[in-house]
Amino acid sequence: MSDTELRSAPRRKGLTRRQKRSLSRGAQYVVFVAAVVAFAVSADWGQLKNQFAQADIAEQMFPDVITLALKNTVLYTLSGFVVGLVLGMVIALMRLSSVGPYRWFAGVYIEIFRGLPALLIFIFIGVAVPLAFPGTEIIGGTYGKVALALGLVAAAYMAETIRAGIQAVPKGQMEAARSLGFSPARAMISIIIPQAFRIILPPLTNELVLLFKDSSLVLFLGVTLEERELSKYGRDLASTTANSTPILVAGLCYLLVTIPLGYVVRRMESKAGEAVR
């Protein structure tokens with residue numbers, strides 16, 4: 001075949017990018033479905049049902065799992081969130097302060113309490129504080145101890161979130177407030193902080209979800225039967241019944257709260273993104 005005929009011969013076209021993407025996506029679906037089918041076929045569903053899904057044991061947990069365990073979990077979480085929010089606000093303002101010792105103290109606090117596991121903070125509150133201050137009782141008993149422990153941990157994360165939110169507010173807002181006669185403190189409280197909270201509301205709500213799960217560490221403080229939260233309640237019943245169904249029910253109760261909160265966070269992030277556009 002001559003050079004002229006070779007040039008005039010139609011060239012074979014390869015797959016387009018769209019076709020390649022479609023094939024890749026189809027292959028991923030096939031692998032995913034195969035993995036799910038392999039798991040479903042290989043799992044011993046009978047044993048799982050016997051160990052985790054005994055209806056009679058689950059029925060025995062109601063209504064206490066809601067009126068006692070879930071209620072305590074929510075109370076622990078909300079009290080810890082309030083303490084963390086107030087303390088986090090103070091630490092954030094100290095972090096932004098022009099006074100050097102304030103900034104240093106805030107920086108050290110944030111680094112320490114973000115670096116330590118929450119478990120160690122609970123042990124410190126439950127063991128070290130009574131040893132250091134004999135006869136001293138934390139207000140609120142177990143509820144006060146949990147609020148303090150969760151608040152100390154949450155404040156370190158909230159402080160950085162609040163600081164970032166304050167710094168995200170345009171500097172012109174402070175300048176405009178000062179030109180209207182506002183003092184720096186009043187401008188911060190009335191103008192800057194409200195705008196910052198609209199920015200940081202999604203991450204703060206996400207912190208609430210994390211605190212809800214961290215409340216399970218309350219068992220290391222030693223609680224009475226009436227002070228048990230979901231994890232402690234589920235573990236106690238699992239030991240009593242020699243079955244893991246209570247643990248599964250406790251986990252589902254966590255999801256009753258965390259899934260709606262997660263949806264709220266995504267909605268707020270979506271609205272915040274639309275506002276930016």
Hey, could you give me each pair passing side chain to side chain donor-acceptor pair (under 3.5 Å) that has a residue in [range]? Not counting sequence neighbours.
| range | answer |
| --- | --- |
| residues 251-262 | E229-Y254, S231-Y254 |
| residues 157-168 | E160-R163, R163-Q167 |
| residues 39-61 | Q51-S244 |
| residues 183-193 | none |

For the backbone of [Y] and the side chain of [X], can you confirm whether one donor and one acceptor N or O come within less than 3.5 Å of each other?
| X | Y | result |
| --- | --- | --- |
| S79 | L75 | yes |
| Q173 | P170 | no |
| N72 | L68 | yes |
| S24 | R21 | no |
| Q195 | I191 | yes |

Heavy-atom closest pair, residues [X] and [Y]:
| X | Y | answer |
| --- | --- | --- |
| P194 | M188 | CD-O, 4.2 Å |
| G80 | L211 | C-CD1, 4.2 Å |
| I125 | A149 | CG1-CB, 4.0 Å |
| V169 | A196 | CG2-N, 3.8 Å |

According to a 4.5 Å side-chain heavy-atom criterion applied to Ile, Leu, Val, Met, Phe, Trp and Tyr, with indirect links allowed, do [X] and [Y] form part of one hydrophobic cluster?
| X | Y | result |
| --- | --- | --- |
| F197 | L261 | yes |
| V153 | V86 | no |
| V74 | V223 | yes |
| V99 | V90 | yes |
| I192 | I199 | yes |

Report the hydrophobic cluster partners of [X], with the cluster defined as I, L, V, M, F, W, Y residues connected by side-chain heavy atoms closer than 4.5 angstrom, directly or transitively.
| X | result |
| --- | --- |
| L225 | none |
| L180 | F182 |
| V31 | none |

From [X] atom [atom1] to [Y] atom [atom2], the distance as rounded to the nearest 0.5 Å:
| X | Y | atom1 | atom2 | value |
| --- | --- | --- | --- | --- |
| I189 | M89 | CD1 | CE | 9.5 Å |
| I121 | L150 | CD1 | CG | 10.5 Å |
| I162 | I200 | CD1 | CD1 | 5.0 Å |
| I110 | R95 | CD1 | CZ | 4.5 Å |
| L230 | S215 | CG | OG | 7.5 Å |
| R228 | T142 | CZ | OG1 | 13.0 Å |

Residue pairs passing the ring pair (Phe, Tyr, Trp, His ring centres under 6.0 Å) test where at least one lies in residues 123-142, sequence neighbours excluded
none
The complete set of ring pair (Phe, Tyr, Trp, His ring centres under 6.0 Å) pairs with one or both residues in residues 60-107, sequence neighbours excluded, reads Y76-Y143
For E111, what residues pass the salt bridge (Lys or Arg N to Asp or Glu O under 4.0 Å) criterion, not counting sequence neighbours?
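If we apply the salt bridge (Lys or Arg N to Asp or Glu O under 4.0 Å) test to E111, skipping adjacent residues, the hits are R114.
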Sorted by chain and number, sequence neighbours left out, ring pair (Phe, Tyr, Trp, His ring centres under 6.0 Å) with F113 holds for Y109
Show the numbers, then the answer: is there a side chain to side chain contact (heavy atoms under 4.5 Å, CB included) between L237 and I57?
CA-CA 9 Å; L237 284 183; I57 297 177; over 6 Å; no
Checking V41 against V37 for the side chain to side chain contact (heavy atoms under 4.5 Å, CB included) test, could you report, in this order, the C-alpha distance in whole Å, the side-chain angles of both residues, the deciding distance, and whether it holds?
CA-CA 6 Å; V41 171; V37 171; 4.1 Å; yes
[X] side chain near [Y] side chain, heavy-atom distance below 4.5 Å:
| X | Y | answer |
| --- | --- | --- |
| T77 | V146 | no |
| M94 | R103 | no |
| V108 | I112 | yes |
| T245 | V249 | yes |
| R267 | V264 | no |
| M61 | P246 | yes |
| Y263 | I259 | no |

The single option from L217, D214, L148 passing side-chain contact (heavy atoms from CB on, under 4.5 Å) against F122:
L217
Residues in side-chain contact (heavy atoms from CB on, under 4.5 Å) with T67, at least two apart?
P63, D64
